[in-house]
Trainee: 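This is the structure I want to talk about, given as structure tokens.
Counting begins at 1 with the first residue of the sequence.
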Amino acid sequence: HGKNGGPEGESHIVDSNLDRKSGNFVMVWSSTKDVAKIIERCGPDVIDCNLTENGVFLKINRKAFRGIHCAFRNSKG
């Protein structure tokens, strides 16, 4: 399906309070080219990387994470 994961490609961010308290990290799973972009932007803060059958899990130091609210633009309406 290429680098973008095909028509069913997807990405997920897990911003868990438990992960914040236990190790100060966030988790990302993706089957798209988002993985390469994330590694380019904050590679030194990637704590762990695991390949799965359908994608990649990244464990990332929270200091590289702006917050899930930054994924959305301000709406004017």
Side-chain angles (χ1 to χ4, degrees):
H1 294 285
K3 294 181 184 177
N4 207 21
E8 296 191 17
E10 57 188 12
S11 298
H12 301 265
I13 297 173
V14 180
D15 181 15
S16 162
N17 287 335
L18 183 61
D19 292 342
R20 179 182 296 131
K21 292 175 184 175
S22 69
N24 208 31
F25 61 88
V26 295
M27 296 293 293
V28 174
W29 180 87
S30 183
S31 64
T32 72
K33 61 185 174 185
D34 290 340
V35 171
K37 290 179 183 179
I38 291 168
I39 292 171
E40 285 176 10
R41 292 180 69 129
C42 61
D45 287 309
V46 174
I47 299 166
D48 196 14
C49 177
N50 291 303
L51 297 175
T52 68
E53 183 177 327
N54 299 317
V56 178
F57 271 108
L58 298 175
K59 182 177 181 179
I60 303 170
N61 189 315
R62 184 170 288 281
K63 72 180 182 180
F65 182 60
R66 291 182 181 165
I68 199 159
H69 64 282
C70 291
F72 302 94
R73 292 186 174 93
N74 290 328
S75 295
K76 297 177 184 178

Trainee: Going from CD on Glu8 to OG1 on Thr32, what distance comes out if it is rounded to the nearest 0.5 angstrom?
Mentor: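 It comes to 13.5 Å.
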Trainee: In the single-linkage hydrophobic clustering (I, L, V, M, F, W, Y; side-chain heavy atoms under 4.5 Å), do Leu51 and Ile39 co-cluster?
Mentor: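 Yes, one cluster joins them.
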Trainee: Measuring from atom CG of Asn61 to atom CD1 of Ile47, what distance do you get when rounded to the nearest 0.5 angstrom?
Mentor: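 One gets 5.0 Å once the value is rounded to the nearest 0.5 Å.
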Trainee: Nearest 0.5 angstrom please: Ser16 OG to Lys21 NZ, how far?
Mentor: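 Going from the OG atom of Ser16 to the NZ atom of Lys21 covers 9.0 Å.
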Trainee: Is there a chain of hydrophobic side chains (I, L, V, M, F, W, Y, each step under 4.5 Å between heavy atoms) that links Ile13 to Met27?
Mentor: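 Different hydrophobic clusters.
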Trainee: With a 4.5 Å cut-off on side-chain heavy atoms, are Ser11 and Asp34 touching?
Mentor: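 Yes, their side chains come closer than 4.5 Å.
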Trainee: Do Phe25 and Asp19 have side-chain heavy atoms sitting under 4.5 Å apart?
Mentor: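 When only atoms from C-beta onward are counted, Asp19 and Phe25 do touch, with a gap below 4.5 Å.
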Trainee: Indicate yes or no: at least one non-hydrogen side-chain atom of Phe57 is less than 4.5 angstrom from one of Val28.
Mentor: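 Not touching, per the 4.5 Å side-chain cut-off.
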Trainee: Please check: side-chain N/O of Ser31 versus main-chain N/O of Glu10, any donor-acceptor pairing under 3.5 Å?
Mentor: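 Yes; judged by distance alone, with no hydrogens or angles, the pair exists.
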Trainee: Can you list everything that forms a salt bridge (Lys or Arg N to Asp or Glu O under 4.0 Å) with Asp15? Sequence neighbours excluded, please.
Mentor: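 Expected list: Arg20, Arg62.
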Trainee: Dump the intermediate steps for side chain to side chain contact (heavy atoms under 4.5 Å, CB included) on Leu58 and Ile38, then the final yes or no.
Mentor: CA-CA 9 Å; Leu58 298 175; Ile38 291 168; 3.9 Å; yes
Trainee: Please say yes or no: joined through hydrophobic side-chain contacts below 4.5 Å, possibly via intermediate residues, are Trp29 and Val46 part of one cluster?
Mentor: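 Looking at the clustering, Val46 is in a separate group from Trp29.
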